[in-house]
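Reading through the structure tokens given below for one structure.
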Amino acid sequence: MARDLLGKVLVYDDPHGRRAARLVEVEAYHGPRDPASHAHRGPTPRAAVMFGAPGHAYVYLSHGVWPCMNVVAHLPGVPGAVLLRGAEPVVGLGGDPRRLAGPGLLARAFGLRTADTGADLVRSPLHLRDAPAVAARDVARGPRIGIAPSVTSERAWRLWIRGSPGVSRR
DNA sequence: CGAATGATCCGA
DNA sequence: CGGATCATTCGA
């Protein structure tokens with residue numbers, strides 16, 4: 001579930017060192033029943049990873065410039081993923097949370113490429129570290145960003161940690 | 001508000 | 001194979 005990702009720490013170890021950030025904003029995409037999901041049109045080469053095992057990365061390129069990272073997460077047989085939209089720096093990412101406020105900024109700060117698609121987020125250099133659950137009163141939710149209102153109006157699938165400076169600004 | 005910038009998908 | 005689309009960002 002998307003809200004379980006809030007508060008978890010995304011870690012990327014590469015030859016340059018470790019980068020880590022605490023996730024403070026995510027959006028859920030629900031697969032074939034969700035027209036906004038890249039999995040909506042079936043297992044195309046790009047979206048195929050979302051039809052596989054949960055806990056893997058799906059990184060796509062937005063507008064030719066911005067890598068955006070998702071965590072494949074779904075119930076058996078129902079493709080879906082969670083877009084990472086905002087985070088707070090923990091290690092190796094500087095001190096300004098606004099540099100991680102937005103899916104493109106976040107994935108770029110980690111140096112992610114579309115080739116990172118498929119990474120096992122439990123065992124690979126790119127992984128998620130568990131963290132205590134965020135209290136319900138600290139979690140806010142609203143409509144997803146950049147999606148036609150007709151699609152998303154009744155689906156408040158964007159979740160964020162109230163008051164965090166790592167939440168994307170609008 | 002519009003440009004940047006390229007992978008992806010669909011229709012022909 | 002060509003054109004439209006895009007889960008975005010930044011600067012004028």
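Throughout, a chain's letter reflects where its sequence line sits, starting with A, and its residues are numbered from 1. Values in this document were obtained by computation on a predicted structure and should not be read as measured data.
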message = For Ile145(A), is there any backbone N or O sitting under 3.5 Å from a side-chain donor or acceptor partner on Glu27(A)?
response =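 Checked: pair present.
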
Q) Which atoms form the tightest heavy-atom contact between Ala28(A) and Ala2(A), and what is the distance? A)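 That closest heavy-atom pairing would be CB-CB, 4.1 Å.
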
So, taking the atom named OH in Tyr58(A) and the one named NE2 in His38(A), what distance separates them when rounded to the nearest 0.5 Å?
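So the gap between those two atoms works out to 5.0 Å.
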
- [ ] Find the runs of at least 3 consecutive base pairs, i with j, i+1 with j-1 and so on, that include DNA chain B, using Watson-Crick or G-U wobble geometry with both distances under 3.5 Å.
- [x]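 DNA chain B forms these stems: B:1-4 with C:8-11, B:6-11 with C:1-6.
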
In B/S/- notation (B base, S sugar-phosphate only, - none; protein heavy atoms under 4.0 Å), nucleotides 5-12 of chain C written 5' to 3' is -BBBSS--

Taking atom NE2 of His30(A) as the centre, does the number of heavy atoms from other residues, nucleotides or ligands within less than 6.0 Å exceed 12?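 Count not over threshold, so no.
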
Output yes when Arg18(A) and Asp13(A) qualify as a salt bridge under the 4.0 Å nitrogen-oxygen rule, no when they do not.
->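 Answer for the salt bridge query: yes.
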
Common cluster, Leu93(A)/Leu5(A), ILVMFWY with side-chain heavy-atom separation under 4.5 Å: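 Same cluster.
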
**Val71(A) with Val26(A), same ILVMFWY side-chain cluster at under 4.5 Å** =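 Shared cluster, yes.
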
